[in-house]
Amino acid sequence: MGSLHKTTFVLLMFCLAALGSADYLKYKDPKQPLGVRIKDLLGRMTLAEKIGQMTQIERENATAEAMSKYFIGSVLSGGGSVPSPQASAAAWQSMVNEMQKGALSTRLGIPMIYGIDAVHGHNNVYKATIFPHNVGLGATRDPMLIKRIGEATALEVRATGIPYAFAPCIAVCRDPRWGRCYESYSEDPKVVQSMTTLISGLQGDVPAGSEGRPYVGGSKKVAACAKHYVGDGGTFMGINENDTIIDAHGLMTIHMPAYYNSIIRGVSTVMTSYSSWNGKKMHANHFLVTDFLKNKLKFRGFVISDWQGIDRITSPPGVNYSYSVEAGVGAGIDMIMVPYAYTEFIDDLTYQVKNNIIPMSRIDDAVYRILRVKFTMGLFESPYADPSLVGELGKQEHRDLAREAVRKSLVLLKNGKSASSPLLPLPKKAGKILVAGSHADDLGLQCGGWTITWQGQTGNDKTAGTTILSAIKSTVDPSTEVVFSENPDSAAVDSGKYDYAIVVVGEQPYAETFGDNLNLTIPAPGPSVIQSVCKSANCVVVLISGRPLVVEPYIGAMDAFVAAWLPGSEGQGVADALFGDYGFSGKLARTWFKSVDQLPMNVGDKHYDPLFPFGFGLTTEANK
């Protein structure tokens, strides 16, 4: 080889080596340690790319163009926000993948993370398994059951291509007048702490030695979110988003403990609460978000705002948006759920950083935390949906698990006019039985809020499942005549000569502020149905509700009384216990008050005079 050729060859090799090293990016190498990958990527990012990571926008704005132009880091579905009505798992996957393509087309190719409220199963999605709401799960006192629900929910969420769920709600509801009380496992912080197993179900078990660090165990698990930090369940008179007036000791011993467990379990994210603590908005609380959660508790995941949460720092919301941005980001919130006016958010935050109103160190802390979660969960290696998982949505094993959860959540509060003459379990073989009440044959009512839509809906055509009436019909002996009458008059009950009657009544669906309720009565015509049926027939009343309601005036008329909470799509679980295929085992995780004048009244209070105390629940044996 001549010297000229040799020189050319060496130059060529040098150029190829240089090209090779240009292609090699440490942050894209899964063999590199986590910290090395994060620092390498963060060091390459412009301010626009960093602020994009901090921005979460609503699905309906998230075109591939918007994703790439603004370097958007996250997208969400609000309650009921779906690609199309009754969209299939495959349709969800293709929507998420399109957005992801936009994110990956950017200079650095940072994947976006898609989040959704999967708060009792994958509840926005048509034909997903709808599990009981948390108020019922608290009554099971079964943390391993709740972990299995987390595992099933993770698979159903991943079936639609989504890697992040805004769950669990670890609120400690201290007043059932609150419209989100059904999202709380219990008034007792110890019960709520025990139910943080849901996080381990959603995310997987943290490896030994890594406790306290964000963890997601691969592409069949999802990032979880402990919410709403902190004191959401303690507001004055249960008014949603209001003020939790309590001393530091009360906040730390009632509302904070479940966050300790969540962090130890490796929860990836924490969502701040709309509410205030002693007049200070949580979304602007630097002490609780930064000094306490991040610095004292050493939470290393990212803190996310609630929907337009920074807007609501001011009253009225959004009246001084640049102040909201400064206060929210300054308090230590890392990702802002904007969700619509994202260019305004990006412009305001950019201005504030460029003018030293918010230091670059605060931006870097936020982006470091967001990248940590994305790297840890394997999003860089597997950014797209897995088409092999579509069959997980609503699959039979998950429905069987939900049915198990329903029967374990039922609390038997009365069984027989005297203990010596129990009504339950009911005989399957009878001449003629009556099923009555608005909630006996309505899937939407038994699922409650946060089901298909944000507020929930009535009717049997919104998703798949089993109503309590159809469960009863499939459980009784074929020779038993089942008569269904939603609102029978007492003359009809009298003349019907029924062996027994099952009355199913309760609340209409609601979510958040729409559920705030100062009287907590059973909606009409529920009380009159109870009275007209129970006057003329042996009756068991099944109450479908997100909280205890006023029942003292009618309890004497009932032969048996079951609190079924908001059981979800698998109504067969109710029949399983009523007819004795399984025994009743649930215990109240909330105090059942006599009258609303007693509220707030929680276990351990000095003046504790409930209709049924916390922990109460009669048991029955399964039929042999």
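None of these values were measured; they are calculated from a predicted model.
- With E58 contributing its side chain and G78 its backbone, the two residues share a donor-acceptor pair below 3.5 Å.
- Taking each heavy atom of V230 and S273 in turn, the nearest pair found is N-CB, 4.1 Å.
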Test side chain to side chain contact (heavy atoms under 4.5 Å, CB included) applied to D347 and E344, step by step: CA-CA 5 Å; D347 291 346; E344 186 185 359; 5.8 Å; no

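- No side-chain N or O of Q457 forms a donor-acceptor pair with one of T451 less than 3.5 Å apart.
- S77 and Y114 share a side-chain donor-acceptor pair at under 3.5 Å.
- Partners of R59 according to the salt bridge (charged side-chain N to carboxylate O under 4.0 Å, His left out) rule, which considers only residues two or more places apart in sequence or in another chain, do not exist here.
- Of all the heavy atoms in I304 and C225, the pair that sits closest is CG2-SG, 4.2 Å.
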Working for side chain to side chain contact (heavy atoms under 4.5 Å, CB included), residues N134 and Y182: CA-CA 6 Å; N134 290 354; Y182 66 80; over 6 Å; no

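- Counting heavy atoms from C-beta on, the side chains of T467 and D442 never come closer than 4.5 Å.
- In terms of modelled atom types and a separation under 3.5 Å, the side chain of S68 and the main chain of A64 share a donor-acceptor contact.
- Remark: L349 CG to L47 CG distance equals 7.5 Å, nearest 0.5 Å.
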Salt bridge (Lys or Arg N to Asp or Glu O under 4.0 Å) between R372 and D334, worked out: CA-CA 12 Å; R372 173 193 270 272; D334 303 310; over 6 Å; no

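- Under the 4.5 Å side-chain criterion, counting only non-hydrogen atoms from C-beta, W307 is in contact with P339.
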Full working for side chain to side chain contact (heavy atoms under 4.5 Å, CB included) between N124 and I452: CA-CA 4 Å; N124 286 287; I452 305 301; over 6 Å; no

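- Side-chain atoms of E151 never come within 3.5 Å of backbone atoms of G201 as a donor-acceptor pair (strictly under, hydrogens ignored).
- Put simply, CG on L443 and CG on L469 are 12.0 Å apart, with the number rounded to the nearest 0.5 Å.
- With sequence neighbours excluded, the residues satisfying disulfide bond (SG atoms under 2.5 Å apart) with C181 are C173.
- Relative ring orientation between Y274 and H283 is described as parallel, the plane-to-plane angle staying below 30° on a 0-90° scale split at 30° and 60°.
- For the side-chain contact (heavy atoms from CB on, under 4.5 Å) with I162, the qualifying choice from V157, L76, V222 is V157, the only one to do so.
- Here the side chains of V504 and I544 are in contact, with some heavy-atom distance below 4.5 Å.
- The distance between the ring centers of W454 and F514 falls below 6.0 angstrom.
- Counting only N and O atoms by type, the side chains of S438 and Q508 include no donor and acceptor under 3.5 Å apart.
- Using a 4.0 Å cut-off between charged side-chain N and carboxylate O, D117 and K227 make a salt bridge.
- Counting heavy atoms from C-beta outward, Y340 and E60 have side chains that approach closer than 4.5 Å.
- Between R590 and S186 the shortest side-chain heavy-atom distance does not fall below 4.5 Å.
- Residues T475 and A471 come closest through the heavy atom pair OG1-O, 2.6 Å.
- When atom types are taken as modelled, the side chain of Q100 and the backbone of P383 share a donor-acceptor pair closer than 3.5 angstrom.
- The backbone N or O of L379 lies less than 3.5 Å from no partner atom in the side chain of S382, so there is not a single donor-acceptor pair.
- A donor-acceptor contact under 3.5 angstrom links the side chains of H398 and E156, judged on distance only.
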Side chain to side chain contact (heavy atoms under 4.5 Å, CB included) evaluation trace for R265 with Q203: CA-CA 9 Å; R265 289 185 182 279; Q203 297 193 151; over 6 Å; no

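- Using cut-offs of 30° and 60° for the angle between ring planes, the F375 and F380 rings count as parallel.
- A distance of 9.5 Å separates SG in C169 from CE in M271, rounded to the nearest 0.5 Å.
- N240 and W178 share a donor-acceptor pair across their side chains, judged by distance under 3.5 Å alone.
- Taking CZ of R369 as the reference point, atom CE of M335 lies at 13.0 Å (rounded to 0.5 Å).
- Relative orientation of the Y70 and Y342 rings is perpendicular, given thresholds of 30° and 60° on the angle between their planes.
- Summarising the geometry, atom CD1 belonging to I370 is positioned 11.5 Å from atom CD1 belonging to I38; distances are rounded to the nearest 0.5 Å.
- Between the side chains of Q93 and T160, no donor N or O sits under 3.5 Å from an acceptor N or O.
- For the residue pair L393 and A128, the shortest heavy atom distance occurs at CD1-CB, 3.8 Å.
- Using modelled atom types, one finds no donor on one side chain facing an acceptor on the other under 3.5 Å when comparing Y351 with S322.
- Taking the side chain as every heavy atom from C-beta outward, K220 and R158 never approach each other to under 4.5 Å.
- Within a 6.0 Å radius of OH in Y323, other residues, nucleotides and ligands contribute 12 heavy atoms or fewer.
- Looking only at distances, no side-chain donor or acceptor of S470 sits under 3.5 Å from a matching main-chain atom of T466.
- Aromatic pair W450/Y510: ring centres not closer than 6.0 Å.
- Partners of C447 according to the disulfide bond (SG atoms under 2.5 Å apart) rule, which considers only residues two or more places apart in sequence or in another chain, do not exist here.
- A salt bridge links E404 with R148: at least one charged nitrogen is closer than 4.0 Å to a carboxylate oxygen.
- Residue S409 comes nearest to A139 through the heavy atom pair O-CB, 3.6 Å, listed as atom of the first residue, atom of the second, then distance.
- A salt bridge is absent between E392 and K127; no separation between the charged side-chain nitrogens and carboxylate oxygens falls under 4.0 Å.
- Note: Q53 CD to I110 CD1 = 4.5 Å, rounded to the nearest 0.5 Å.
- In the model, N242 has no side-chain atom that pairs as donor or acceptor with a side-chain atom of T235 under 3.5 Å.
- Proximity of T269 to F166: side-chain heavy atoms (C-beta onward) are nowhere separated by under 4.5 Å.
- The salt bridge (Lys or Arg N to Asp or Glu O under 4.0 Å) test with E570 singles out one residue from R407, R403, K408, R399, and that residue is R399.
- Using a 4.0 Å cut-off between a side-chain N of Lys or Arg and a carboxylate O of Asp or Glu, E507 and R547 qualify as a salt bridge.
- Pairing each heavy atom of V267 with each of A226, the nearest pair is CG2-N, 3.7 Å.
- Within the 3.5 Å criterion, the main-chain N or O of T458 finds a donor-acceptor partner in the side chain of K462.
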Test salt bridge (Lys or Arg N to Asp or Glu O under 4.0 Å) applied to E49 and R44, step by step: CA-CA 9 Å; E49 287 165 333; R44 298 171 188 271; over 6 Å; no

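- Taking the side chain as every heavy atom from C-beta outward, H120 and L137 never approach each other to under 4.5 Å.
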